[in-house]
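Here the structure comes first, spelled out in structure tokens, and everything after it is commentary.
Please read all numbers here as calculations on a predicted model, not as lab measurements. In what follows, every chain begins at residue 1, and chains take the letters A, B, ... in the order their sequences are listed.
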Amino acid sequence: MNSTSRTSKKILLAIGVAATFFVYTFVLRGQRSGAIIAPTPLKGSTPAVSSSSTGSYKDGTYTGSVANAYYGNVQVQAVISGNKLTDVQFLQYPNDNPNSQYINQQATPYLKQEALQAQSAQVNGITGATLTSQAFTQSLSSALSQAKS
Amino acid sequence: MRRTALIMGMPVTIEVVGFTNAKAAITDTFAYFKEVDERYSTYKHDSEISCINRGLPEEQWSDEMRSVLHLCEETKRATGGYFDIEQPNGTWDPSGLVKGWAIQHAAERLSRRGVQNFYVEAGGDLQTSGVNADGKPWQIGVRNPANKHEIVKTIALTDGGVATSGTYVRGQHIYNPHRRSQKLTGVQSITVVGTNIYDADRFATAAFAMGPSGITFIEALPGFEGYMIDSSQTATLTSGFDRYVAHV
């Protein structure tokens with residue numbers, strides 16, 4: 001990679017980070033109390049961590065490290081109450097990147113679209129994204145290590 | 001026989017149908033995934049990729065690592081730079097390629113053993129061969145990114161690969177701070193299906209990074225079809241996707 005493209009990449013990255021921060025601060029934070037950051041989809045990842053979390057944590061809210069999840073960063077905040085992990089909130093999530101938020105209808109004028117419909121089919125397997133699970137675990141571990149009494 | 005193990009920080013599931021020594025075949029496949037993890041995990045301090053990121057001289061890199069890094073470079077070119085293992089801090093993380101590459105190799109190992117019917121899945125990406133235990137094409141559900149307990153499409157596949165890239169995003173719209181009345185939607189996941197998991201995975205990764213135009217990138221890719229889900233719970237399909245859809 002030549003230095004010009006590296007520099008422009010860095011500038012783009014800086015803009016991305018600033019924009020992400022802006023969206024997070026002014027848009028997401030305002031809706032924090034709503035369902036917007038409900039971590040439901042990643043709950044499957046929680047037990048592995050919470051099994052090591054029984055008992056010995058000090059009550060409080062702890063912010064985990066920023067962990068890279070390939071297209072963006074994951075950062076979580078762990079809430080300890082009654083010495084147990086009671087809540088995990090996302091401070092950063094890859095889709096906070098504004099570049100990936102815009103659907104450009106112009107780009108897909110000729111492709112078929114459909115509304116999602118739940119199916120009850122018997123399947124052998126399920127395809128779905130799990131990419132952020134390692135980053136999630138890493139950020140949460142770092143938050144929990146701060147909560148160790 | 002079907003077994004799941006936690007490797008590379010994710011569930012790896014192998015199913016083998018109609019093969020006498022299924023257990024040995026599955027054990028060998030898990031061992032292979034563990035080897036891959038030892039070498040390529042950026043989460044392991046002593047993995048070869050971690051050593052390289054700390055400055056291991058190039059002449060000490062393994063041949064396999066060189067070949068994987070070469071594939072990463074090639075994929076970067078093929079995707080107009082959207083697939084890039086270079087992280088913001090300058091280190092390399094080839095995991096966006098290695099998962100699909102490892103599933104592909106695991107599938108080839110099973111074929112070489114003489115296994116004809118199998119399913120190899122690592123963290124939601126998979127390769128199938130032959131038929132399932134009912135003698136039918138493997139039935140693969142596409143998960144709703146907004147609700148992990150829900151399947152929104154079923155793919156029927158004999159020999160092929162399926163990969164999904166995306167994030168499980170809050171099931172809500174995000175607003176443009178400058179124009180709050182205008183609803184914006186974002187890509188939550190893109191599923192790519194085709195002849196092999198290696199290509200399906202790396203192109204799904206790149207397509208997701210492209211945002212909404214990712215689906216047109218898949219549309220232009222011979223041999224691969226895509227199913228993109230956005231946060232308004234709408235799917236966009238490539239023109240040949242229907243041929244993989246199981247009508248349930």
Are there over 12 heavy-atom neighbours, none belonging to A:Gln117, within less than 6.0 Å of that residue's CD?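 Counting neighbours around CD of A:Gln117, 12 or fewer heavy atoms of other residues, nucleotides or ligands fall under 6.0 Å, so no.
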Stepwise side-chain contact (heavy atoms from CB on, under 4.5 Å) check, A:Ile126 with B:Ile140: CA-CA 5 Å; A:Ile126 294 176; B:Ile140 312 301; 6.0 Å; no
Using the rule given for side-chain contact (heavy atoms from CB on, under 4.5 Å), can you reason through B:Ile215 versus A:Leu111, listing the C-alpha separation, both sets of side-chain angles and the distance that settles it, and then say yes or no? CA-CA 9 Å; B:Ile215 192 73; A:Leu111 295 180; 3.8 Å; yes
Measuring heavy-atom distances to chain B, does A:Gln119 have an atom under 4.5 Å in its side chain, in its backbone, in both, or in neither?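 For A:Gln119, heavy atoms of backbone and side chain both lie under 4.5 Å from chain B.
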Point-to-point distance, once rounded to the nearest 0.5 Å, from CG of B:Asp242 to NZ of A:Lys112: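 Reported value, rounded in 0.5 Å steps: 4.0 Å.
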Roughly how far, to the nearest 0.5 Å, is CD of A:Glu114 from OH of B:Tyr227?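 CD of A:Glu114 is found 4.0 Å from OH of B:Tyr227.
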Between A:Asn124 and B:Gln139, is there a donor-acceptor pair closer than 3.5 Å when you use the side chain of the first and the backbone of the second? yes
A:Thr127 side chain vs B:Gly124 backbone, donor-acceptor pair below 3.5 Å: yes
Please rank B:Leu126, B:Ile229, B:Asp134 by heavy-atom pairs under 4.5 Å with chain A and give me the top one.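 Result: the option with the highest number of such pairs is B:Ile229.
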Where is the tightest heavy-atom contact between A:Leu116 and B:Ala235, given as atom of each residue plus distance?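 Taking every non-hydrogen atom into account, CD2-CB, 3.7 Å.
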What part of [X] lies closer than 4.5 angstrom to a heavy atom of chain A: side chain, backbone, both or neither?
X        : result
B:Thr191 : side chain
B:Ala163 : backbone
B:Gln233 : both

